[in-house]
Protein chains: 2
Amino acid sequence: MGSVAEFDHPYVPRDLKLPGFVPNSLPTYIIVGVYLSASLLVITAVWIGSGRIQKISKLDRTLMCWWIFTGLTHMILEGYFVFTPDFYKKTTPVYLAEVWKEYSKGDSRYAARHSGVVSIEGVTAVLEGPFCLLTLYAIAAKKSYRYVIQLAISLGQLYGTIVYFLTSYLEGDNFAASWIYYYAYYVFANSFWIVIPTAISVHCWKKICAAIQDQDQKKTKIR
Amino acid sequence: MGSVAEFDHPYVPRDLKLPGFVPNSLPTYIIVGVYLSASLLVITAVWIGSGRIQKISKLDRTLMCWWIFTGLTHMILEGYFVFTPDFYKKTTPVYLAEVWKEYSKGDSRYAARHSGVVSIEGVTAVLEGPFCLLTLYAIAAKKSYRYVIQLAISLGQLYGTIVYFLTSYLEGDNFAASWIYYYAYYVFANSFWIVIPTAISVHCWKKICAAIQDQDQKKTKIR
């Protein structure tokens with residue numbers, strides 16, 4: 001073994017140097033299963049809890065489920081990545097380190113600590129994460145900023161995901177261990193943060209425009 | 001000369017390889033002067049032109065001046081950079097190539113074609129630039145989307161500038177040829193795209209919340 005073992009990681013490009021790398025100790029179905037189960041649990045709790053709010057629409061309850069899911073993903077999963085540069089060296093099965101060792105098979109820039117990825121994840125975890133939780137409250141309490149905060153975070157998520165894909169494209173798009181990881185992790189998992197933020201942005205954009213138009217017409221009538 | 005001349009550029013880090021580099025042919029005061037004069041000309045034209053719009057506030061006229069300035073900067077200056085990877089090789093004094101040869105003294109990642117910088121500039125030039133011009137029309141015609149579009153672009157500019165600074169910080173923040181270029185180009189010039197988008201975001205956020213609150217109260221009264 002010796003110095004050869006040091007580079008014995010499953011990631012692409014193969015010449016990526018990760019001294020001290022320790023392979024995943026949990027199998028893929030456990031890593032993905034825990035994330036999906038925990039998410040489902042939290043989403044179910046918010047769906048049931050939000051049902052007790054008076055005069056709340058099913059759309060708003062669905063949005064609350066999205067915001068808790070994406071907010072906790074940003075703060076816990078992505079937050080751990082941002083503040084743990086050496087996650088790939090963890091020897092004991094720390095679940096969050098397992099997540100990023102696994103995801104790096106779809107995009108090795110996570111293990112390689114790519115500056116663009118770390119910057120985007122930093123903004124997402126530190127700024128957007130907490131604001132997602134505030135959004136949950138804003139929708140539940142029908143705060144006047146409920147649409148504008150949803151639009152702001154959604155546009156941030158879109159911007160981040162676009163730059164995330166663009167930087168990879170500009171550097172040759174060769175960071176996945178196989179086409180399965182490429183499509184499952186890099187393309188499919190991230191596509192949720194393109195499709196859903198786009199839909200929410202359009203929804204909030206329309207709501208805001210309608211309210212401004214109402215106000216403009218009211219002012220015209222007063223004159 | 002020979003192969004040594006190939007790396008004879010004024011940028012930092014010194015080991016940056018730019019084969020075929022041709023130094024600036026225009027002096028700094030011409031490069032900066034043309035940008036400031038052209039901007040002043042366009043701003044003056046929009047200020048005068050917007051004065052002919054009925055019942056428009058001075059604040060909205062000021063905003064229109066900002067949007068034409070930032071929009072043309074995005075589309076022309078940053079657009080040229082995005083689509084001209086070899087700007088540093090230009091032998092004849094192409095003004096826009098001169099701009100980026102000069103600015104690279106404050107941040108050599110432009111000459112080095114850093115993927116984070118190119119991605120952010122791509123989004124800025126191709127998406128945000130044209131939307132800035134649409135904003136000009138939205139304000140002039142009092143369109144109901146005038147606040148939400150200003151907020152969307154401003155948040156995009158903020159996101160881009162934050163990631164622009166973060167990527168440099170994470171890579172050691174050593175891309176300026178001297179502290180003068182660092183503060184004049186990298187810090188001072190970019191600070192406008194932190195301060196002004198923040199102010200506009202706050203302004204639009206408040207306007208939108210007020211309109212939503214109005215609508216919420218109206219609905220409560222009807223019930």
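Just so it is clear, the values below take in all heavy atoms, side chains as well, and ignore hydrogens, waters and symmetry mates.
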Interface moiety of [X] toward chain A, non-hydrogen atoms closer than 4.5 Å:
X: B/Gln215; result: side chain
X: B/Tyr147; result: side chain
X: B/Arg146; result: side chain
X: B/Leu170; result: side chain
X: B/Lys142; result: backbone
X: B/Glu128; result: side chain

Report summary line: Ranking A/Val163, A/Leu155, A/Ile208, A/Leu127 by heavy-atom pairs under 4.5 Å to chain B gives rank one to A/Ile208
Query raised in the report: Taking every heavy-atom pair that is under 4.5 Å apart, which of A/Leu158, A/Ile120, A/Ile162 has the most such pairs with chain B?
Result: A/Ile120
**Report entry** From OG (A/Ser115) to CZ (B/Arg109), nearest 0.5 Å
**Finding:** 7.5 Å
Query raised in the report: Say you draw a straight line from OH of A/Tyr169 to OG of B/Ser119; how long is it, rounded to the nearest 0.5 Å?
Result: 11.0 Å
Quick check: closest heavy atoms across [X] and [Y], and the distance to 0.1 Å?
X: A/Ile212; Y: B/Ala211; answer: CD1-CB, 3.7 Å
X: A/Tyr159; Y: B/Gly160; answer: OH-CA, 3.3 Å
X: B/Cys209; Y: A/Ser144; answer: O-CB, 3.5 Å

**Report entry** Contacting moiety of A/Glu171, where chain B heavy atoms sit under 4.5 Å
**Finding:** side chain
Query raised in the report: Given that the side chain runs from C-beta out, which part of A/Lys207 has a heavy atom under 4.5 Å from chain B: side chain, backbone, both or neither?
Result: backbone
Requested in this report: Flag the pair B/Val148 / A/Leu151 as yes when at least one side-chain heavy-atom distance between them is below 4.5 Å, and no otherwise.
Outcome: yes
Query raised in the report: Would you call B/Lys143 and A/Asp216 a salt bridge, using N to O less than 4.0 angstrom?
Result: no
Query raised in the report: Is the number of heavy atoms from other residues, nucleotides or ligands within 6.0 Å of CZ (B/Phe131) greater than 12?
Result: no
